[in-house]
2 protein chains.
Amino acid sequence: MDAVAQERPEGPAMELVHLLRAVTVEFDLLGAEFAARHGLHPTDLRALIHLLDAARAGETVTPGRLGAALRLNSAGTTGLVDRLERLGLVARSRDERDRRRVLLTVDEKAVGLGWSFFGPVIGALVGAADGFDESELATVRRYLTAALAAAAGARESAG
Amino acid sequence: MDAVAQERPEGPAMELVHLLRAVTVEFDLLGAEFAARHGLHPTDLRALIHLLDAARAGETVTPGRLGAALRLNSAGTTGLVDRLERLGLVARSRDERDRRRVLLTVDEKAVGLGWSFFGPVIGALVGAADGFDESELATVRRYLTAALAAAAGARESAG
DNA sequence: CCAATTCTCTCGCTGAACGAGAGAATAACC
DNA sequence: GGTTATTCTCTCGTTCAGCGAGAGAATTGG
């Protein structure tokens with residue numbers, strides 16, 4: 001957001017905006033490199049994350065839900081699931097209760113892959129929290145919560 | 001990073017990891033929606049951001065530098081610049097000092113577009129900083145700086 | 001039951017990005 | 001100073017992710 005800051009007053013709040021963008025960029029690069037290293041597309045990684053999150057939350061995922069979450073149309077979603085299936089990360093199975101549906105189940109391999117991606121980052125980030133006491137971490141959490149709401153709000157009003 | 005948290009102890013630090021990822025996702029969605037709304041590809045938006053940052057820093061950008069920053073090969077970079085030129089966002093001009101080079105100059109239109117993207121987000125984020133006093137903002141800045149370093153470190157050691 | 005709905009998948013297509021390499025300008029070396 | 005090596009950019013042909021349209025199965029509602 002430097003690009004536009006030239007017309008803006010600088011200040012503590014702007015500094016945080018810059019930092020947040022930098023963190024976002026860094027995360028994106030990290031994901032992109034991980035994906036490339038494992039022969040995945042960025043979309044595949046996003047799908048993997050979504051599937052693992054859903055699995056953890058105990059939710060069943062169908063191609064339709066996955067596609068909606070990733071903003072893909074049905075054709076693209078089919079291609080994505082084909083790809084993930086070919087990589088041995090997910091398996092398709094018919095939902096016997098509503099036989100129009102296909103259920104996606106994540107393989108152990110996917111969990112391992114997810115761990116190998118997130119593990120190091122999480123470790124580093126948790127380590128970054130060392131040197132902050134409880135109340136400081138609470139302050140950070142409060143700020144990030146507000147920033148998240150702000151970004152979501154900006155997206156809604158702009159979109 | 002929920003996906004992996006099932007095997008991890010929860011705690012204040014993990015909460016922040018979740019929040020950071022949520023903010024990243026939100027920013028990505030925001031960028032994707034803005035891009036789609038203006039007939040841009042995600043790559044185009046990233047290029048625009050890079051060009052505006054460089055312009056602000058007073059640096060000259062060539063197709064080669066831009067492609068390297070976005071991790072594109074030369075063919076893809078040519079296509080990208082063609083696209084941006086067709087959209088009237090940048091112009092190509094020969095560097096008279098090293099006539100192998102092409103210099104990219106950003107049009108006013110690009111600056112306006114950048115502003116229309118960043119303006120609302122920045123405003124919302126600065127607003128999110130209300131309700132925090134100076135020392136609290138300093139704490140947040142210290143944390144984000146550490147998190148940035150952690151992410152960069154994770155990328156380096158994993159990459 | 002017949003119609004409307006809800007899922008998923010197939011087909012054909014567009015276009016972003018890749019690999020390989022050509023072309024033009026500059027720098028380096030003998 | 002002329003030949004060779006290097007540095008940029010762009011062209012060509014290809015691959016493949018994602019789109020639009022719509023077909024095919026299963027379910028739900030009147």
Side-chain angles (χ1 to χ4, degrees), chain A residues 28-29 31-51 54 59-87 89-105, chain B residues 28-29 31-51 54 59-87 89-105:
Chain A
D28 282 352
L29 288 174
E33 285 196 9
F34 178 87
R37 187 169 307 270
H38 289 82
L40 301 171
H41 300 262
T43 300
D44 298 348
L45 181 59
R46 287 201 295 156
L48 180 62
I49 292 171
H50 186 81
L51 288 169
E59 291 167 5
T60 60
V61 183
T62 66
R65 284 187 172 282
L66 180 62
L70 275 63
R71 309 284 203 282
L72 296 180
N73 77 358
S74 64
T77 303
T78 297
L80 166 66
V81 175
D82 286 350
R83 231 150 53 221
L84 295 176
E85 201 171 34
R86 206 177 309 130
L87 290 168
L89 299 178
V90 308
R92 281 190 242 233
S93 64
R94 277 283 162 197
D95 183 347
E96 287 307 322
R97 306 203 304 183
D98 182 343
R99 295 175 46 75
R100 291 171 303 187
R101 289 187 177 178
V102 166
L103 297 181
L104 302 176
T105 57
Chain B
D28 282 351
L29 288 173
E33 284 196 10
F34 178 86
R37 189 168 306 269
H38 290 82
L40 301 170
H41 300 261
T43 301
D44 298 349
L45 181 59
R46 288 202 294 155
L48 180 62
I49 291 171
H50 185 81
L51 288 169
E59 291 167 5
T60 60
V61 183
T62 66
R65 284 185 173 283
L66 180 62
L70 299 178
R71 310 278 203 284
L72 296 181
N73 77 357
S74 65
T77 303
T78 297
L80 167 66
V81 175
D82 285 350
R83 229 150 53 223
L84 295 176
E85 201 171 35
R86 206 177 309 130
L87 289 168
L89 300 178
V90 309
R92 281 187 240 234
S93 63
R94 277 282 161 198
D95 183 348
E96 288 306 324
R97 305 203 305 183
D98 183 344
R99 296 176 44 74
R100 291 171 302 187
R101 291 187 176 177
V102 166
L103 297 181
L104 302 177
T105 57

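Letters go in sequence order (proteins before strands), and every chain restarts at 1.
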Student: Are B:Thr43 and C:dA17 close enough that a side-chain N or O sits under 4.0 Å from OP1 or OP2?
Tutor: yes
Student: Go through it in stages, so that I can follow the logic: the residues are B:Arg94 and B:Val102, the test is side-chain contact (heavy atoms from CB on, under 4.5 Å), and I'd like the CA-CA distance, side-chain angles, deciding distance and then a yes or no.
Tutor: CA-CA 5 Å; B:Arg94 277 282 161 198; B:Val102 166; 3.9 Å; yes
Student: Check the distance between C:dA16's P and B:Leu84's CG and give it to me in whole angstrom.
Tutor: 11 Å
Student: Rounded to the nearest Å, what distance is computed from the CG atom of residue B:Leu66 to the P atom of nucleotide D:dC8?
Tutor: 15 Å
Student: For A:Arg83, is the CZ atom crowded, meaning more than 12 foreign heavy atoms sit under 6.0 Å from it?
Tutor: yes
Student: Closest approach to the side chain of A:Val102, judged atom by atom: which nucleotide of C:dT8, D:dA21, D:dC12 is it?
Tutor: C:dT8
Student: Between atom CG of A:Leu89 and atom CG of A:Leu84, what is the distance when rounded to the nearest 0.5 Å?
Tutor: 6.0 Å
Student: Is the phosphate of C:dT6 approached by A:Arg65 (side-chain N or O, under 4.0 Å from OP1 or OP2)?
Tutor: no
Student: Identify which nucleotide among D:dT27, C:dC18, D:dC10 has an atom closest to any side-chain atom of A:Arg99, counting heavy atoms from C-beta outward.
Tutor: D:dT27
Student: Starting at CG of B:Asp95 and ending at P of C:dA27, how long is that distance when rounded to a whole Å?
Tutor: 11 Å
Student: Would you mind reading off the distance between B:Leu80 atom CG and C:dC18 atom P, rounded to a whole angstrom?
Tutor: 11 Å
Student: OP1, OP2 of D:dG18 versus side-chain N and O of A:Asn73: anything below 4.0 Å?
Tutor: no
Student: At under 4.0 Å between heavy atoms, what does A:Gly64 touch on the DNA or RNA strands: base, sugar-phosphate, or nothing?
Tutor: sugar-phosphate
Student: Within less than 4.0 Å of OP1 or OP2 of C:dC9, is there a side-chain N or O belonging to A:Arg92?
Tutor: yes
Student: Judged by each residue's nearest nucleotide on DNA chain D, which is more toward the 5′ side, B:Asp98 or A:Asp44?
Tutor: B:Asp98
Student: Within this structure, what is the NE2-to-C1' distance between A:His41 and C:dC18, rounded to whole angstrom?
Tutor: 12 Å
Student: Could you tell me which non-hydrogen atom of B:His50 sits nearest to which non-hydrogen atom of B:Ala69, and how far apart they are?
Tutor: CE1-CB, 3.4 Å
Student: Under 4.0 Å between any heavy atoms, over every strand shown, what does B:Arg94 touch: base, sugar-phosphate, or nothing? Just pick one.
Tutor: nothing
Student: Give the rounded distance in Å between these two atoms: CZ of B:Arg101 and P of D:dT6.
Tutor: 18 Å
Student: With a cut-off of less than 4.0 Å, is there a side-chain N or O of A:Thr77 near OP1 or OP2 of C:dC9?
Tutor: no
Student: In whole angstrom, give the distance that lies between atom CG of A:Leu40 and atom P of D:dC16.
Tutor: 15 Å
Student: Identify the two heavy atoms, one from B:Leu104 and one from B:Thr62, that lie closest to each other, and give their separation to 0.1 Å.
Tutor: CD1-C, 4.0 Å
Student: On the nucleotide C:dA17, are OP1 or OP2 found under 4.0 Å from the side-chain N or O atoms that B:Arg83 carries?
Tutor: yes
Student: Measure across A:Ala35 and A:Pro42 and return the closest heavy-atom pair with its distance rounded to 0.1 Å.
Tutor: CB-N, 4.4 Å
Student: Below 4.0 angstrom from OP1 or OP2 of C:dT8, is there any side-chain N or O of A:Thr62?
Tutor: yes
Student: Expressed in angstrom and rounded to an integer, what is the separation of B:Arg46 atom CZ from C:dA17 atom C1'?
Tutor: 12 Å
Student: OP1, OP2 of D:dT7 versus side-chain N and O of B:Arg100: anything below 4.0 Å?
Tutor: no
